[in-house]
Amino acid sequence: MHAPSFPERARPQRLSRLLTTLGPWRLSLLLLLPSVALSEALGVAVQALMGVDYTPSLLVAAGLCGVLPPLLALPLLQHLQRLERQNLALEVRATRDELTGVLNRDCFLQLAEREFARSRRYDADCAVLLVDADRFRNINDRYGRSCGDALLRAIVHASSRQLRSPDVLARFSGEALSVLLPQTDPLGALDVAERIRETVAELQMAWKGATVGTTVSVGVASLGVGHAGLESLLGDADGALHAAKEAGRNCVRAAPIQPRRSGEAYPVISK
């Protein structure tokens with residue numbers, strides 16, 4: 001699932017990308033069309049005001065129009081390319097976590113709100129995971145923050161390998177990650193959570209002659225009729241995460257599975 005777009009910048013960005021795609025010669029031809037019309041007008045004006053022959057004036061103006069568009073097109077394209085790079089950098093900064101490269105909390109919440117509403121509307125499965133590295137402060141204290149940062153990036157990379165392309169992985173806070181699983185029933189969500197836990201538990205990172213690793217605790221919550229909004233679903237995932245910590249860490253715990261639709265006596269499990 002992709003990061004959200006920003007409608008207020010979408011139109012200028014589309015125009016900039018279109019002009020950049022044209023390249024200098026096509027853009028020159030595009031600029032040449034109004035230039036030819038301008039040369040025609042200049043030739044007529046010169047003839048009317050100065051009483052000179054129209055044809056030489058037109059030829060001079062046409063010559064200028066043949067030279068000016070390429071001269072104007074190159075700096076214009078360079079400026080547009082600079083703007084495009086700046087816009088991309090700003091968009092990355094607004095949506096991505098600087099340390100790990102995955103989505104940040106704000107972007108995750110926007111996407112999760114959208115998916116929550118879609119799942120409600122179409123009565124679809126949806127689940128959220130909260131993944132927290134166990135005793136991560138001990139690693140920072142023993143090996144230094146640079147080691148902790150590198151290990152967190154390794155955890156993110158290992159976790160992302162267990163996900164599908166529609167799933168969303170984000171850095172939620174500190175050493176905590178959040179995962180949005182669209183079209184995933186409760187058993188499927190537990191399966192993903194367990195795969196992430198196992199993968200991280202096997203992770204061993206070499207650091208200055210030492211081997212560093214950690215484990216994760218995972219809380220799982222699946223969308224049910226009792227979730228009035230995204231906040232309540234995340235609250236259940238957070239409660240399940242605390243239960244995993246209290247159970248000794250390096251384990252997965254799930255919030256109680258609720259009926260997906262009002263009036264159902266039992267949870268719906270489609271897997």
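The CG atom of Leu163 sits 7.0 Å away from atom CG of Leu181, with the distance rounded to the nearest 0.5 Å. Here the straight-line distance linking atom CG of Leu129 with atom OG1 of Thr184 works out to 8.5 Å at 0.5 Å rounding. With rounding to the nearest 0.5 Å, the separation of NE2 in His227 from OG in Ser119 is 12.5 Å. In this structure, CZ in Phe108 is found 10.5 Å from CD in Glu113, a value given to the nearest 0.5 Å. One finds the CD atom of Glu202 at 12.5 Å from the OG1 atom of Thr215 (value rounded to the nearest 0.5 Å). From Leu151, atom CG reaches atom OG1 of Thr214 across 6.5 Å, with rounding to the nearest 0.5 Å.
Inter-residue side-chain proximity for Val200 and Ser159 is flagged as met; some heavy-atom pair is nearer than 4.5 Å. Counting only heavy atoms from C-beta outward, the side chains of Gln258 and Asp236 approach each other to under 4.5 Å. Within the 4.5 Å cutoff, the side chain of Glu115 has no heavy atoms near those of the Val168 side chain. Side-chain contact between Cys147 and Met205 is present, with at least one heavy-atom pair separated by less than 4.5 Å.
When the shell of 6.0 Å around CZ of Arg137 is examined, it contains 12 or fewer heavy atoms from other residues, nucleotides or ligands. The 12-atom threshold is not exceeded at CD of Glu98, counting heavy atoms of other residues, nucleotides or ligands nearer than 6.0 Å.
The shortest non-hydrogen separation linking Ala112 to Leu180 is CA-CD2, 3.8 Å. Between Ser232 and Gly229, the shortest heavy-atom contact is OG-O, 2.7 Å. Nearest heavy atom pair, residue Val218 against residue Leu241, reads N-CD1, 4.1 Å. The minimum heavy-atom distance linking Phe136 with Gly148 is given by the pair CZ-O, 3.1 Å. The two atoms that bring Val220 and Leu190 nearest to each other are CG2-CD2, 4.2 Å, heavy atoms only. Nearest heavy-atom pair, Leu223 versus Ala124, reported as atom, atom and distance to 0.1 Å: CD2-O, 4.0 Å.
Between Glu194 and Arg197, at least one side-chain N (NZ, or NE/NH1/NH2) sits under 4.0 Å from a carboxylate O, which counts as a salt bridge. The pair Asp97-Arg105 does not meet the salt-bridge criterion, since no charged nitrogen lies less than 4.0 angstrom from a carboxylate oxygen. With salt bridges taken as basic N to acidic carboxylate O contacts below 4.0 Å, one links Arg195 and Asp191.
At distances below 3.5 Å, at least one donor-acceptor pair connects side-chain atoms of Arg164 with backbone N or O atoms of Pro182. Although no hydrogens or angles enter the test, the distance criterion places no donor-acceptor pair under 3.5 Å between the side chain of Asp185 and the main chain of Asp125. Formation of a donor-acceptor pair under 3.5 Å by the Arg145 side chain with backbone atoms of Asn140 is not found in this model. No donor-acceptor distance shorter than 3.5 angstrom exists from the side chain of His242 to the backbone of Gly239, with no hydrogens or angles considered. Side-chain N or O atoms of Arg120 include none that pairs as donor or acceptor with a backbone N or O of Asp123 at under 3.5 Å.
Considering Val179, Ile196, Leu169 as possible partners of Gln162, the one that fulfils the side-chain contact (heavy atoms from CB on, under 4.5 Å) test is Ile196.
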Does Leu234 form a side chain to side chain contact (heavy atoms under 4.5 Å, CB included) with Leu109? I'd like the steps, not just the answer. CA-CA 10 Å; Leu234 288 171; Leu109 291 174; 3.7 Å; yes
| request: Under the side chain to side chain contact (heavy atoms under 4.5 Å, CB included) rule, what do Leu103 and Arg96 come out as? Steps first, then yes or no, please. | output: CA-CA 4 Å; Leu103 297 179; Arg96 297 278 170 179; 3.7 Å; yes
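A donor-acceptor contact closer than 3.5 angstrom links the side chains of Asp134 and Ser217.
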